[in-house]
Amino acid sequence: MPDVNIMRIDPTTRRVTWGWNLLPARNTGIELLVQLVAKTILTTAGQDYLRPEYGGSILSLTGRSLNSNDIPRLNADIAYIVRKSEEQIMREQIDKPVSASERLKKITLLGIDISLVTGVIRIDILVENESGEADRFNFEASVRN
């Protein structure tokens, strides 16, 4: 069953924001898949009682100190979270009747931009489905509190 469209992707910047659209609609196809990927990456493992292991837990990275020595470790942590999220989604979809337009083929981490001055991290992600469509989105968040 498609989810309610609560994720907005700016058509110019491709930045993900959350909230109700003026006319809520059901997501389908690549839009539903992008929403699932974003939700999985943002979900903190241990928060879902029925699936305590599920989630990329990217929010656990907030509040860390940020200096030039931390960047390689932070990049590795983000890459691991994206890969783990991809594996979780593929494992969940394997036994379910999911259309090709909503079935994940691959998540690609396009880039990580870290600003030591502002403490802001921008993560660019490409989502591909089994029917050959692709869509990109990004997260932008502050690591410092």
Side-chain angles (χ1 to χ4, degrees), residues 1-93 98 100-145:
M1 177 169 113
D3 214 348
V4 174
N5 184 356
I6 60 169
M7 181 180 76
R8 290 181 273 186
I9 302 176
D10 185 284
T12 306
T13 66
R14 305 304 296 162
R15 184 169 182 212
V16 173
T17 57
W18 302 96
W20 295 105
N21 289 318
L22 292 176
L23 298 171
R26 291 193 178 271
N27 277 336
T28 57
I30 191 76
E31 288 179 352
L32 181 66
L33 184 57
V34 167
Q35 182 170 319
L36 175 63
V37 169
K39 181 191 175 297
T40 302
I41 290 171
L42 288 168
T43 298
T44 301
Q47 301 241 329
D48 186 340
Y49 181 74
L50 298 174
R51 300 179 303 169
E53 74 291 342
Y54 191 80
S57 301
I58 202 158
L59 297 177
S60 67
L61 300 179
T62 59
R64 290 170 61 169
S65 65
L66 186 61
N67 62 52
S68 59
N69 294 333
D70 295 330
I71 290 176
R73 175 60 188 215
L74 191 57
N75 286 338
D77 288 347
I78 292 168
Y80 173 75
I81 287 168
V82 171
R83 182 65 53 217
K84 181 171 108 174
S85 298
E86 177 186 61
E87 291 170 358
Q88 290 175 346
I89 293 168
M90 290 177 142
R91 193 175 22 228
E92 286 233 334
Q93 290 183 336
V98 179
S101 65
E102 296 173 359
R103 184 174 295 278
L104 181 64
K105 179 179 180 182
K106 181 168 65 164
I107 302 173
T108 304
L109 179 59
L110 296 175
I112 304 169
D113 184 31
I114 301 172
S115 171
L116 294 173
V117 175
T118 61
V120 172
I121 298 177
R122 179 186 164 108
I123 304 165
D124 290 302
I125 296 175
L126 179 71
V127 177
E128 296 177 59
N129 64 16
E130 288 290 336
S131 64
E133 295 173 295
D135 201 357
R136 63 183 286 174
F137 70 96
N138 64 68
F139 295 108
E140 192 170 300
S142 176
V143 177
R144 296 184 199 154
N145 288 337

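When reading the values below, keep in mind they use all heavy atoms of this one structure, side chains included, and skip hydrogens, waters and symmetry mates.
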What's the spacing between [X] [atom1] and [Y] [atom2] if we round to 0.5 Å?
{"X": "I41", "Y": "F139", "atom1": "CD1", "atom2": "CZ", "result": "4.5 Å"}
{"X": "I112", "Y": "I123", "atom1": "CD1", "atom2": "CD1", "result": "6.0 Å"}
{"X": "S60", "Y": "I81", "atom1": "OG", "atom2": "CD1", "result": "5.0 Å"}
{"X": "L36", "Y": "Q88", "atom1": "CG", "atom2": "CD", "result": "10.0 Å"}
{"X": "S85", "Y": "Y54", "atom1": "OG", "atom2": "OH", "result": "7.5 Å"}
{"X": "D135", "Y": "Q35", "atom1": "CG", "atom2": "CD", "result": "12.5 Å"}

A side-chain contact here means heavy atoms from C-beta on lying under 4.5 Å apart; do [X] and [Y] qualify?
{"X": "E92", "Y": "R51", "result": "yes"}
{"X": "K39", "Y": "L42", "result": "no"}
{"X": "I114", "Y": "L74", "result": "yes"}
{"X": "T43", "Y": "L59", "result": "no"}
{"X": "L33", "Y": "Q93", "result": "yes"}

If every non-hydrogen atom of [X] is compared with every non-hydrogen atom of [Y], which pair is closest and at what distance?
{"X": "E140", "Y": "R122", "value": "OE1-NH1, 3.8 Å"}
{"X": "K84", "Y": "G55", "value": "CE-O, 3.1 Å"}
{"X": "S131", "Y": "S101", "value": "OG-CA, 3.5 Å"}
{"X": "L126", "Y": "A134", "value": "CD1-CB, 3.9 Å"}

Stepwise side chain to side chain contact (heavy atoms under 4.5 Å, CB included) test for V34 and E31: CA-CA 5 Å; V34 167; E31 288 179 352; 5.9 Å; no
Strictly distance-based, threshold 3.5 Å: is any side-chain N or O of [X] a donor or acceptor partner for the main-chain N or O of [Y]?
{"X": "S115", "Y": "T118", "value": "yes"}
{"X": "N138", "Y": "D124", "value": "no"}
{"X": "D70", "Y": "R73", "value": "no"}

Candidates I107, L104, T108 - the one meeting side chain to side chain contact (heavy atoms under 4.5 Å, CB included) with E128: T108
Using the side-chain hydrogen bond (donor to acceptor under 3.5 Å, both in side chains) criterion, which residues pair with R136? Sequence neighbours excluded. none
Run the side chain to side chain contact (heavy atoms under 4.5 Å, CB included) test on I125 and L110 for me, step by step, so that the C-alpha distance in whole Å, both residues' side-chain angles and the decisive distance to 0.1 Å come before the verdict. CA-CA 5 Å; I125 296 175; L110 296 175; over 6 Å; no
Do K105 and E130 sit within salt-bridge range, that is, some charged N less than 4.0 Å from a carboxylate O? no
